[in-house]
Amino acid sequence: MLEIIRSIPPGSVLTYGQVAALADTPRAARQVGRILYFYGESVPWQRVINHYGGLSTYKVGSGERQRVLLEEEGLSFRADGTIDLKRYQWRPSLKIIKKLGLPEEIAFQINLKLT
DNA sequence: ATCTTGACTTGCC
DNA sequence: CGGCAAGCCAAGA
């Protein structure tokens, strides 16, 4: 799980649900959030957002911080405070998939979802 | 052991 | 994607 999060390249993002799915625990989206909260700065937590492309961190006070960090990585926010998932969502390369042993079925779906 | 809480999602209007 | 109910599951009380 942590491996996956740490593998998200700068400038890209994943949703909580996707991280959970890639970790082979499809219904653990909420737990992903707790883990990020727990590990804090030791992981690129700013690259994990909700499935609307919006930030879920305003609930714990880190909203502004996250937004700034992402903007520094080159992402741009829409007027409503969300980002374009179709454009910034990470598509794991085959190499990474192999390397981390990600479930290919899920990885494939993620790539396909950007229709 | 039971109940509540959430950095969440999905399904159904 | 707006609103809302229902799932989900680990942690804390």
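Keep in mind that this is a model prediction, so the values were computed, not measured. Hydrogens, waters and symmetry mates are skipped; everything else that's a heavy atom, side chains included, is used. First the proteins, then the strands, lettered A, B, ... as listed; each starts at 1.
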Tell me, for nucleotides 8-13 of chain B in 5' to 3' order, what letter each nucleotide earns: B for a base near a protein heavy atom under 4.0 Å, S for only sugar-phosphate near one, - for neither? BSB---
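Straight-line distance from the CD1 atom of A:I35 to the C1' atom of B:dG6: 14 Å, rounded to whole Å. Note: CE (A:M1) to C1' (B:dA7) measures 12 Å, nearest angstrom. Rounded to whole angstrom, the span from the CD atom of A:E64 across to the P atom of B:dA7 amounts to 18 Å. The CD-C1' distance, from A:Q66 to B:dA7, rounds to 8 Å in whole Å.
Side-chain atoms of A:S12 do not come within 3.5 Å of backbone N or O of A:I8 as any donor-acceptor pair. A distance-only check finds a donor-acceptor pair linking the side chain of A:Q66 to the backbone of A:Q46 [under 3.5 Å]. Put simply, the side chain of A:T15 gets close to the backbone of A:Q18: a donor and an acceptor are under 3.5 Å apart.
Applying the salt bridge (charged side-chain N to carboxylate O under 4.0 Å, His left out) criterion to A:E73, with sequence neighbours excluded, gives A:R47.
Applying the 6.0 Å contact sphere to CZ of A:F108 captures no more than 12 heavy atoms from other residues, nucleotides or ligands.
When A:L22, A:V32, A:I96, A:D24 are each tested for a side chain to side chain contact (heavy atoms under 4.5 Å, CB included) with A:I4, only one passes: A:L22.
Closest non-hydrogen pair, A:A21 versus A:P103, comes out as O-CG, 3.9 Å. Of all heavy-atom pairs between A:I110 and A:W90, the closest is CG2-O, 3.9 Å.
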Review item, nucleotides 11-13 of chain C N/O atoms under 3.5 Å of protein N/O:
none

